[in-house]
Amino acid sequence: MTSPIHNFSEIGKLKTVLLKRPGREIENFTPDMMPRLLFDDIPYLPKAQEEHDYFANTLRDNGVEVLYLEKLAAEALDAGGAELKDKFLEQMLTESGYAAGSTHDALKEYLASMNNQDMVNKIMEGVRKNEIDFVPTDLQSMAENENYEFYMDPMPNLYFTRDPSATIGEGLSINHMTFAARQRESLFNQIIIEHHPRFANQGIHVWRDRNHSTRIEGGDELVLNDHVMAIGVSQRTSADAIEDIARNLFNESNYDTVIAIRIPHNHAMMHLDTVFTMINYDQFTVHPGILGEGGHIDTYTLTPGEGDEGIHIQHRTDLKQVLKDALHLDDLDLIPTGNGDPIIAGREQWNDGSNTLAIAPGVVVTYNRNYVSNELLRQHGLKVLEVISSELSRGRGGPRCMSCPIVREDLTK
Ligand SMILES: NC(=O)NCCC[C@H](N)C(=O)O
């Protein structure tokens, strides 16, 4: 049986990818909600959709099948029938703060009356109070949220499909994410894997599910090859979650090495892939701002062994040598974002200059606005496909963040 998920590298020719076309959720909020929703500005939706379609078409033009999260979620619900729709709604409402009570009942009636696609879109874009003709009588609505406009918040970060789940080999992690603004997102991934005809009952391994208190996000999970991963210890991914997934991978898959890389814990660099990506067999982008004196950074290589609960950990700080050893390479090209200039590097990293999506070894998709980093990539021999990025970048994510690979061809060397 061919697995519907097959992803053994960061750079193998991309065959199928999961995207989310930005919808009303990216403009259904006010400036004072932005920090909590992890946005830095209010995007202009028609332009963001145009840019996203350009991104999707760039992938299609290069032989990639594009799947859409919102469509798969509705199809999964169609496949699961009335029972699944009810179960999903109960879970979504509970995770939105309404486990029971009159507001729960009104929201459930409102959402359940829609067809599955409309319901999925509505949940994603958020439910405002003025949409439902109902006067709440429960204490939560009366005493806590009286002046708040929303019953259910929008989920504007959904177009960063990289993060709520991450494909690894012929399986995936379905992630418990850090901030409330994103925690409901992975429920869509869960119903797709469990109920969509393309994925359900196909023996897909879930290396780690979303029912955890410890945190991990896909932007930190890099599949370097068919047995080595790199995972960021970051604002969004905790060390205990890395140990947990490493243990599961060591026990249940061919993965035998996880390199945990500690990066600064801040909004601009919230995931490892905002500062470090693999783009060819022996080439990586790296933001100079994560490297200390002499190019050092804390790395912890986890392998099966006799340490804590069967894991051996080696601490080293020479990133280049750590990668060369793990990938059995004689040399390695670490390409600095912004060509190492501190002002350009800081500026371009902010707009995802390090966040490249490799669609084949040495072929990358990047934002056009990062022209210094793009030119440098070309000088280092890469083929760079630029996509437009004025509105999409306001959410603080680039081409890798906006894509979840489902199938990549295996590497040939
Ligand atoms: N992999 C990524 O780095 N994704 C970007 C996520 C941006 C989003 N606004 C967030 O803060 O979660």
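None of these values were measured; they are calculated from a predicted model. In each ligand, atom 1 is the first atom listed, and ligand 1 is the first ligand listed. Residue numbers start at 1 and run along the sequence shown.
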Any protein N or O within less than 3.5 Å of an N or O in ligand 1? List each pair with its distance, or say none.
{"from": "ligand 1", "atom 1": "1 (N)", "to": "Asp163", "atom 2": "OD1", "distance (Å)": "2.9"}
{"from": "ligand 1", "atom 1": "1 (N)", "to": "His271", "atom 2": "ND1", "distance (Å)": "3.2"}
{"from": "ligand 1", "atom 1": "1 (N)", "to": "Asp273", "atom 2": "OD1", "distance (Å)": "3.1"}
{"from": "ligand 1", "atom 1": "1 (N)", "to": "Asp273", "atom 2": "OD2", "distance (Å)": "3.1"}
{"from": "ligand 1", "atom 1": "3 (O)", "to": "His271", "atom 2": "ND1", "distance (Å)": "2.8"}
{"from": "ligand 1", "atom 1": "3 (O)", "to": "Asp273", "atom 2": "OD1", "distance (Å)": "3.1"}
{"from": "ligand 1", "atom 1": "4 (N)", "to": "Asp163", "atom 2": "OD2", "distance (Å)": "2.9"}
{"from": "ligand 1", "atom 1": "4 (N)", "to": "His271", "atom 2": "ND1", "distance (Å)": "3.4"}
{"from": "ligand 1", "atom 1": "9 (N)", "to": "Leu38", "atom 2": "O", "distance (Å)": "2.9"}
{"from": "ligand 1", "atom 1": "9 (N)", "to": "Asn157", "atom 2": "OD1", "distance (Å)": "2.7"}
{"from": "ligand 1", "atom 1": "9 (N)", "to": "Gly395", "atom 2": "O", "distance (Å)": "2.7"}
{"from": "ligand 1", "atom 1": "11 (O)", "to": "Arg236", "atom 2": "NH2", "distance (Å)": "2.8"}
{"from": "ligand 1", "atom 1": "12 (O)", "to": "Arg182", "atom 2": "NH1", "distance (Å)": "2.9"}
{"from": "ligand 1", "atom 1": "12 (O)", "to": "Arg236", "atom 2": "NH1", "distance (Å)": "2.8"}

Hits for side chain to side chain contact (heavy atoms under 4.5 Å, CB included) against Arg21, two or more places apart or cross-chain, chain-then-number order -> Gln49, His52, Asp53, Tyr68, Glu70
Taken in chain and number order and not counting sequence neighbours, the residues that satisfy side chain to side chain contact (heavy atoms under 4.5 Å, CB included) with Arg128 are Asn28, Asn130, Glu131, Glu149, Phe150
Trp207 and Ile168 have their tightest heavy-atom pair at NE1-O, 2.9 Å
Does one side chain, of His205 or Glu252, offer a donor that lies under 3.5 Å from an acceptor on the other?
-> no
May I ask you to check if Lys129 and Tyr151 form a cation-pi contact, with NZ or CZ under 6.0 angstrom from the six-membered ring centre and within 45° of the axis?
yes
Applying salt bridge (Lys or Arg N to Asp or Glu O under 4.0 Å) to Arg208 and not counting sequence neighbours gives Asp244
